[in-house]
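Worksheet for the structure shown next.
All values reported here derive from a predicted model rather than from experimental measurement. These values consider heavy atoms only, across backbone and side chains, with no hydrogens, waters or symmetry-generated copies.
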2 protein chains.
Amino acid sequence: MADNKLYYCNVELSLDIIGGKWKPLIIHHIGGAGVIRYGELKRKVPNINERVLSRQLRELEESKIIQRTVYDEVPPRVEYSLIEMGKTLVPILNELGLWGIEYNQKYNHGEIHFEDEYNNL
Amino acid sequence: MADNKLYYCNVELSLDIIGGKWKPLIIHHIGGAGVIRYGELKRKVPNINERVLSRQLRELEESKIIQRTVYDEVPPRVEYSLIEMGKTLVPILNELGLWGIEYNQKYNHGEIHFEDEYNNL
DNA sequence: CGGTATCCTATATGATACTG
DNA sequence: CAGTATCATATAGGATACCG
């Protein structure tokens, strides 16, 4: 998010902060878990590249959507959780998820497949 | 949205349908207007490229989110409106917009600027 | 375990010109 | 007015290897 950018709508601003291919998903999974480690998160979003996941997390941290806590242990432990405005995003993303379910039921677009063990989120 | 893709979460599915840089914005503006012509829409999303706008609209039409109505007039008139699952997206996007306003107030990220005449959406 | 470094690619996006 | 065609490019995203 460039600070001097000109916005034409609030949704535009929101998308600038949490838009993109992965951020909503990451936020949703952190929210669902409460607290989550890097490795768990990676397992919940299997298709994401490590470098990309790492970068997205940093950006979300910079935007004050999430908090990153490093524990000085061996092996290392790093935990992510939502903070403030990150938390208020959860219900919205839940709605979006429900919308997806309904869309799938209604239009049944080519038999949408879900990995069984992940389906319960 | 590839029909044989494997999803790990409903949000993932939703994002596949209405995600991206422009689609949520387009849907939001069509929803706000009820019915809107191509040119008006372009004015509401000034930064979008015509080719891109055109393509996004076709994709949303294919996904049965919007409806495209062509009137056989000169000069040509084409109107877009939300249908079915497109309509149920409106409250969610409104929430997202409100979230952006609150984020802006709370963190006041480098004085976010809005074009005055657009601010009222 | 939780990353980063390096290098690479695709796809989305964009500028411009043109048309029924 | 509502686009499409053509061409160009940037940036997000990815593969792989390696490290404290």
How close or far is atom C1' of dT11(D) from atom CH2 of Trp22(B), stated in whole angstroms?
-> 14 Å

May I have the distance from Asp72(B) (atom CG) to dA2(D) (atom P), rounded to whole angstrom?
-> 14 Å

Bounded by its outermost nucleotides with an atom under 4.0 Å from a heavy atom of chain B, the footprint on DNA chain C reads dT13(C) to dG20(C)

Roughly how bent is the helix from dC1(C)-dG20(D) to dG20(C)-dC1(D) end to end, in steps of 10 degrees, with each end axis from five pairs?
-> 70°

Check the distance between dA12(D)'s C1' and Asn47(A)'s CG and give it to me in whole angstrom.
-> 16 Å

Lys44(B) vs Ile26(B) side-chain heavy atoms within contact, under 4.5 Å = no

Is the side chain of Tyr80(A) donor-acceptor paired with the backbone N or O of Leu57(A) at a distance under 3.5 Å, no angle test?
-> no

Between atom CD1 in Ile48(A) and atom P in dG13(D), what is the gap in whole Å?
-> 8 Å

Looking at Ser14(B) and Leu96(A), what are the two nearest heavy atoms and their distance?
-> OG-O, 2.7 Å

Look at all strands and tell whether Glu40(A) reaches a base, only sugar-phosphate, or nothing, counting heavy atoms closer than 4.0 Å.
-> nothing

Between the protein and nucleotides 3-6 of chain D, are there any N/O to N/O pairs under 3.5 Å, and if so, what are the atom names and distances?
from   : atom 1 : to       : atom 2 : distance (Å)
dG3(D) : OP1    : Arg58(B) : NH2    : 3.2
dG3(D) : OP1    : Arg68(B) : NE     : 3.4
dG3(D) : OP1    : Arg68(B) : NH2    : 2.5
dG3(D) : OP2    : Tyr80(B) : OH     : 2.7
dG3(D) : N7     : Glu50(B) : OE1    : 2.7
dT4(D) : OP1    : Arg58(B) : NH1    : 3.4
dT4(D) : OP1    : Arg58(B) : NH2    : 3.1
dT4(D) : OP2    : Ser54(B) : OG     : 2.2

Determine yes or no for a side-chain-to-main-chain donor-acceptor pair under 3.5 angstrom, with Ser81(A) supplying the side chain and Val35(A) the backbone.
-> no

Qualifying residues under salt bridge (Lys or Arg N to Asp or Glu O under 4.0 Å), relative to Lys23(B), sequence neighbours excluded = Glu59(B)

Find the distance Asp16(A):CG to dT11(D):C1' and express it as a whole number of Å.
-> 14 Å

Is Glu59(B) touching bases, backbone alone, or none of the nucleic acid, heavy atoms closer than 4.0 Å?
-> nothing

Any donor-acceptor pair under 3.5 Å linking the side chain of Tyr103(B) with the backbone of Ser63(A)?
-> yes

Non-hydrogen atoms of Ile36(B) and His29(B) that approach each other most closely | CD1-O, 4.3 Å

Compare all side-chain heavy atoms of Leu98(A) with those of Ile101(A) and state whether any distance is below 4.5 angstrom.
-> yes

What do you reckon, is NZ of Lys42(B) surrounded by more than 12 foreign heavy atoms closer than 6.0 Å?
-> yes

Residues two or more places apart in sequence or in another chain: which of them pass salt bridge (Lys or Arg N to Asp or Glu O under 4.0 Å) with Lys106(A)?
-> Glu84(B)

Looking across every strand, which nucleic acid part, if any, lies under 4.0 Å from Lys21(B) by heavy atom: base, sugar-phosphate, or nothing?
-> sugar-phosphate

With sequence neighbours left out, the residues meeting side-chain hydrogen bond (donor to acceptor under 3.5 Å, both in side chains) with Ser54(B) are none

